[in-house]
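Report on the following structure.
Per chain, numbering begins at 1; letters A, B, ... match sequence-line order. Here the structure is a predicted model, which means the values were calculated and not measured.
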Protein chains: 2
Amino acid sequence: MADEAAGAVPAELGSRFSSAALAHDVEFLAVKAFAAGTRRLNHRLRPLELRARSYAVLSTACEPQPLTQRELATLLELDPSQVVALVDELVARGLVVRVTDERDRRRRLVQASPEGRAVHARASELAAAAEDSSLATLSPDEREALRALLRKLVFGPDPAP
Amino acid sequence: MADEAAGAVPAELGSRFSSAALAHDVEFLAVKAFAAGTRRLNHRLRPLELRARSYAVLSTACEPQPLTQRELATLLELDPSQVVALVDELVARGLVVRVTDERDRRRRLVQASPEGRAVHARASELAAAAEDSSLATLSPDEREALRALLRKLVFGPDPAP
DNA sequence: GGCAATCGTTGAAAAAATCAACGGATTGTT
DNA sequence: AACAATCCGTTGATTTTTTCAACGATTGCC
């Protein structure tokens, strides 16, 4: 397991580059850090034949209030047509079903099947392990701080603290 | 300019989804937030015919100590062959030159030309504006906290505080 | 000198992102 | 009640990205 190293950048390059302008660019830092993280996650989910994306879909499908495909698209920052393909695959594997929303018959809710829930249970453990190894250099407090900042970025300020 | 909205998730969906398990997954949050951010950056750089990637390459090329293509690959989390294409394009546009490192003639350093520096100067202003709008929901302190956390994630703990 | 490893490069194959268009369903207007 | 306008999921075509395997050139090692 050599590629599980925590520090993303080889120390020598890091010390030479960390003062560069780019190394202070939030966008660059985040993309780099989490591109590696996604790769790690994909790797860990491989035994279950899931990828980060399909895991995300399956995860929302397990929530008590499932999402429509359109909502999945905006949430995953994806084109609606990509969601179709993603859901198609999970349907074919019997992990998920499409349910037409009776309140608006244009919408399709994506719901997990019992098998889907079983697979998700195992997958979420692997995902947690992947996150743990991705954030290895951060203390528990720092991880929570990061999570809070990202949540604020994505969902906006918390209405009820 | 409608797509410049700060809050990434439509409020209604956010309040319904923000308590879901996925909404606490750092990997998911980060990828979502910065996928949108990269799109925004690409959009802003369009007038200069640059993208987030080529901007990153150009930026390192402007540093006093330029990087080899291999280093660029690990830094940008890219396959070496992708770096070739990226650098090829910048070379064709006269923004960058390949210089063989005389200390190891296998290596090619990617250095900015005067034109490259001029373009980069303008590009970095656009990038700063893009970052500013991407992080609009965060206070200055929070932005610095986020930057520090990401730097720790990418470069490891600061040797000299 | 010879051998293994590294760097940049090429080219091909697989996966993903982007965009335009369509039918079914809904909402709002008149 | 009919109409237009809009939204949803879907299909298909097109372009980018990603991923991998291979190759010459160069280096370090023994």
Side-chain angles (χ1 to χ4, degrees), chain A residues 2-3 10 12-13 31-32 34-36 38-43 45-46 49-57 66-92 96-111, chain B residues 3 10 12-13 31-32 34-43 45-46 49-54 56-57 61 66-92 96-111:
Chain A
D3 62 338
E12 193 275 340
L13 175 57
V31 167
K32 157 140 189 69
F34 296 106
T38 299
R39 245 193 293 268
R40 240 177 298 217
L41 179 55
N42 281 334
H43 191 260
L45 290 177
R46 197 163 185 121
E49 298 186 79
L50 285 175
R51 321 208 28 167
R53 295 253 172 99
S54 25
Y55 168 68
V57 172
L67 302 179
T68 71
Q69 296 190 189
R70 184 65 54 163
E71 290 171 325
L72 278 170
T74 68
L75 213 57
L76 302 181
E77 212 76 33
L78 254 41
D79 187 272
S81 60
Q82 295 178 271
V83 177
V84 172
L86 231 29
V87 174
D88 275 352
E89 194 211 313
L90 293 177
V91 168
V96 137
V97 291
R98 271 187 252 248
V99 182
T100 58
D101 182 351
E102 287 306 326
R103 301 187 317 167
D104 183 343
R105 300 174 45 74
R106 290 172 298 186
R107 302 199 172 110
R108 304 294 175 86
L109 302 168
V110 180
Q111 253 171 339
Chain B
D3 62 338
E12 193 276 340
L13 175 57
V31 167
K32 160 145 188 64
F34 296 106
T38 298
R39 245 192 294 267
R40 240 176 299 215
L41 179 54
N42 281 335
H43 191 260
L45 290 177
R46 198 165 184 118
E49 297 186 80
L50 284 175
R51 319 208 30 174
R53 294 238 174 114
S54 26
V57 172
L67 302 179
T68 70
Q69 298 191 188
R70 184 65 56 163
E71 291 171 324
L72 242 40
T74 69
L75 214 56
L76 302 181
E77 213 75 32
L78 254 41
D79 188 272
S81 60
Q82 294 179 271
V83 177
V84 172
L86 231 29
V87 174
D88 275 352
E89 193 210 314
L90 293 178
V91 168
V96 137
V97 291
R98 271 187 251 248
V99 182
T100 57
D101 182 351
E102 288 305 328
R103 302 186 318 167
D104 182 342
R105 302 175 42 76
R106 289 171 299 185
R107 302 200 174 111
R108 305 294 176 84
L109 302 168
V110 180
Q111 254 170 339

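The CZ-P distance, from B:Arg53 to C:dA16, rounds to 15 Å in whole Å. Put simply, CG on B:Asp79 is 12 Å from P on C:dG8, counting in whole angstrom units. With rounding to whole Å, B:Arg39 atom CZ is found 16 Å from D:dT16 atom P. Atom pair B:Leu72:CG and C:dT9:P shows a separation of 12 Å (rounding to whole Å applied). Between the P atom of C:dA25 and the CD atom of A:Gln69 lies a distance of 15 Å, rounded to the nearest Å. Between the CG atom of B:Leu78 and the C1' atom of D:dT19 there is a distance of 11 Å, given to the nearest Å. Distance, B:Arg107 CZ to C:dT6 C1': 8 Å, rounded to whole Å. Straight-line distance from the CG atom of A:Leu13 to the C1' atom of C:dT6: 16 Å, rounded to whole Å.
Judged purely by atom type and a 3.5 angstrom limit, A:Asn42 has no side-chain atom pairing as donor or acceptor with the backbone of A:Arg51.
The side chain of A:Gln82 places no N or O atom within less than 4.0 Å of a non-bridging phosphate oxygen (OP1 or OP2) of C:dA15. Side-chain nitrogen and oxygen atoms of A:Arg108 include none within less than 4.0 Å of the OP1 or OP2 phosphate oxygen of C:dA25.
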>> Test salt bridge (Lys or Arg N to Asp or Glu O under 4.0 Å) on A:Arg46 and A:Glu49; report intermediate values, then the result.
In response: CA-CA 5 Å; A:Arg46 197 163 185 121; A:Glu49 298 186 79; over 6 Å; no

> Stepwise, does the side-chain contact (heavy atoms from CB on, under 4.5 Å) test hold for B:Val31 with A:Leu76?
Replying inline: CA-CA 9 Å; B:Val31 167; A:Leu76 302 181; over 6 Å; no

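Here the shortest heavy-atom pairing between B:Pro66 and B:Leu109 reads O-CD2, 3.9 Å.
Contact check for A:Arg98 versus A:Gln69: side-chain heavy atoms found under the 4.5 Å cut-off. You'll find the side chain of A:Val84 stays beyond 4.5 Å of the side chain of A:Gln82, heavy atoms only.
If you check distances only, the side chain of B:Ser81 does reach the base of D:dC20 with a donor-acceptor pair under 3.5 Å.
Counting any heavy atom pair closer than 4.0 Å across all strands shown, A:Arg70 reaches a base atom.
Between B:Lys32 atom NZ and A:Thr74 atom OG1 the span is 6.0 Å, to the nearest 0.5 Å.
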> Reading nucleotides 22-30 of chain D from the 5' end, what letters show protein touch, with B for base, S for backbone sugar-phosphate only, - for no heavy atom under 4.0 Å?
Replying inline: ----BS---

